[in-house]
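Encoded as structure tokens, the structure appears first; notes follow it.
In each ligand, atom 1 is the first atom listed, and ligand 1 is the first ligand listed.
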Amino acid sequence: MNKALNRFAILVACATFCLIIAGALVTSHDAGLATPDWPLSNGQFFPKMVGNLFWEHGHRMVATTVGLLTIGLLIYIRVKEKRQWVRRLAVFALLAVIAQGLLGGLTVKLMLPLPVSTAHATLAQLFFCTTVSLAVFTSRSWMKARPLPVEGKGILPLRYLCTAALVTIFLQLIIGATLRHSATWDQHLPAELILAHIGGALAVVVALGSATLTVLRRHKGNSFLTRPATLALMLLFVQLFLGVAAYISRLRSPDDPQPLNPMVGITVAHVACGALVFATTIVLTLRVFKVLPAPVHELEPARRQARSLDSIQTPRGMLH
Ligand code: HEM
Ligand code: HEM
């Protein structure tokens, strides 16, 4: 395990989180078209940061920094890391950040069309999760983790529960992004998308609630699993609260003379907390896949037989 590499991967993940906040500030201030130019801003490499250009050009600067950090991380990983799949994931991270930058430029050039802005918001979350995964894979706790006994028969495997939670959250992020980019602060949000997003929130509560509570029940005392589960559950509560607050603040924003700070602050916090819910669920899912073996019926016959012999020799209490 290379401590410095892991710290650098954590730095890139934290910088990406700040970039998501910077991007969300652009949307909430309705500053996406502060300059119709790209890659230059108003024909300049560094324009005067006045008015909405502060948010739009500031976001481009933070994005450039994250792009450079991602190149740095790729080089660091190619030099220090032997696991081929981690090296490949670092290449994927670089490709994702390049695609994200191009989508950002495209959304400006095309004057913020809904599909491109939504794709830009969604890929931002996927890129963030890639950097978080790189931080997980290079960490000491990941290297030290040892497999737990196979889960008992007749109970829903945690691998399934966590994967279902992850997919549900991802769909909810896409609905949230579509909702957010369907109306600027001076327009009303479309009712059918609000309903879809509330339905999505209920689905996330059921999926993530079952995954995290099952982890807390089955693996009490195993902080490798309970820590991300507890954090994800706490963030989910905060996210629900922020969602309701975002809705209330958006309800009255069309009457405001400009995007006002309470609405900007609450909606940006809702986007940021959504990213954190997704990221902690990724950490939980990766850790579950690391320490909990595949359910017996998924293994090929020879390994299945070996596994069932193992479980006969495993003391009963360890099975749950
Ligand atoms: C490279 C990494 C980048 C990341 C991770 C990123 C991330 C984000 C995020 C999270 C948002 C907010 C979405 C929302 O609130 O719903 C956003 C908005 C935006 N970004 Fe980026 N961005 C990146 C690069 C760029 C670049 C290079 C540009 C170049 C112009 C750009 C232009 C924009 C614009 C115009 C918006 C506002 C879109 C709207 O209001 O419809 N982004 N970005
Ligand atoms: C599981 C819970 C939830 C998650 C993960 C979630 C996630 C998100 C995300 C990520 C966005 C912005 C997407 C983007 O542009 O990148 C969003 C937007 C939004 N969400 Fe949620 N959300 C949740 C629950 C709720 C609830 C319960 C409400 C209450 C009605 C709500 C109301 C809104 C509103 C009004 C917006 C648009 C905000 C704006 O226009 O700036 N959300 N949601």
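- Heavy-atom distances between Val277 and ligand 2 stay at or above 4.0 Å for every pair.
- Listed by first then second residue, pairs satisfying side-chain hydrogen bond (donor to acceptor under 3.5 Å, both in side chains) with a partner in residues 267-280 read Ser28-Thr267, Gln239-His270, not counting sequence neighbours.
- Shortest contact from atom 38 (C) of ligand 2 to any protein heavy atom: Thr267 CG2, 3.9 Å.
- Checking Val204, Thr122, Thr118 against atom 1 (C) of ligand 2, the nearest heavy atom belongs to Val204.
- Within 6.0 Å of atom CZ in Phe54, 12 or fewer heavy atoms from other residues, nucleotides or ligands are found, so the atom counts as exposed in its surroundings.
- Within the listing of ligand 2, atoms 1 (C) sit less than 4.0 angstrom from a heavy atom of Leu236.
- Around atom CZ of Phe92, no more than 12 heavy atoms belonging to other residues, nucleotides or ligands sit under 6.0 Å away.
- In this pair, Phe137 and Trp85 present their aromatic rings perpendicular. The plane angle is above 60°, beyond the 30 to 60° band.
- In this structure, Phe170 places its CZ atom where more than 12 heavy-atom neighbours from other residues, nucleotides or ligands lie under 6.0 Å away.
- Protein atoms of type N, O or S found under 2.8 Å from atom 21 (Fe) of ligand 2 total 2.
- Around the CZ atom of Arg140, the shell of radius 6.0 Å holds no more than 12 heavy atoms that belong to other residues, nucleotides or ligands.
- Listed by first and then second residue, the side-chain hydrogen bond (donor to acceptor under 3.5 Å, both in side chains) pairs that reach into residues 99-113 are Gln100-His120, Thr107-Ser117, sequence neighbours excluded.
- Within the protein, the N, O or S atoms sitting under 2.8 Å from atom 21 (Fe) of ligand 1 are His59 NE2, His120 NE2.
- Under a 4.0 angstrom heavy-atom cut-off, Gln125 registers as lying outside contact with ligand 1.
- Ile20 does not count as a contact of ligand 2, since none of its heavy atoms falls under 4.0 Å from the ligand.
- A side-chain donor-acceptor contact under 3.5 Å links Glu151 to the backbone of Leu158.
- Contact atoms of ligand 1 toward Trp38: 29 (C), 30 (C) (distance under 4.0 Å to a heavy atom of the residue).
- In summary, the side chains of Gln187 and Thr184 do present a donor paired with an acceptor at a separation below 3.5 Å, with no hydrogens or angles considered.
- The backbone N or O of Gly105 sits nowhere less than 3.5 Å from a side-chain atom of Arg60 that would complete a donor-acceptor pair.
- Residue Gly32 approaches ligand 1 through these ligand atoms, each under 4.0 Å from one of its heavy atoms: 35 (C).
- Annotation: atom 34 (C) of ligand 1 to nearest protein heavy atom, Glu56 OE1, 3.9 Å.
- Minimum interatomic distance between Pro113 and Leu110 (heavy atoms only, all atoms of both residues): CD-O, 3.5 Å.
- Not a single heavy atom of Ala177 lies less than 4.0 angstrom from ligand 1.
- Nearest to atom 39 (C) of ligand 1 by heavy-atom distance, out of His57, His29, His181, is His181.
- Around atom 13 (C) of ligand 1, the closest heavy atom drawn from Thr27, Val108, Val62 belongs to Thr27.
- Not one N or O on the side chain of His57 forms a donor-acceptor pair closer than 3.5 Å with the backbone of Leu53.
- Closest heavy-atom contact between Ser141 and Arg287: OG-NH2, 3.4 Å.
- By the 6.0 Å contact criterion, CZ on Phe289 is enclosed, its count of non-hydrogen atoms from other residues, nucleotides or ligands being greater than 12.
- Between Tyr247 and ligand 2, no N or O atom pair is found at a separation short of 3.5 Å.
- Residue contacts with ligand 1, taken as heavy atom pairs separated by less than 4.0 Å, involve Ala24 via backbone and side-chain atoms alike.
- Counting heavy-atom neighbours within 6.0 Å of Met111 CE, excluding the residue itself, gives a total of 12 or less.
- The distance from ligand 2 to the heavy atoms of Ala121 drops below 4.0 Å at these ligand atoms: 16 (O).
- With hydrogens left out, the protein atom closest to atom 15 (O) of ligand 1 is Arg180 NE, 2.8 Å, a heavy atom.
- Counted within 6.0 Å of CZ on Arg252, heavy atoms from surrounding residues, nucleotides or ligands total 12 or fewer; the atom is thus considered open.
- The closest donor-acceptor contact from the side chain of Thr35 to the backbone of Asn42 lies under 3.5 Å.
- Close contacts between ligand 1 and Ser117 involve ligand atoms 39 (C), 41 (O) [criterion: under 4.0 Å to a heavy atom].
- Below 4.0 Å from some heavy atom of Leu173 lie the following atoms of ligand 2, by number and element: 10 (C).
- Looking at Ser139 and Asn6, their side chains never bring a donor and an acceptor atom within 3.5 Å of each other.
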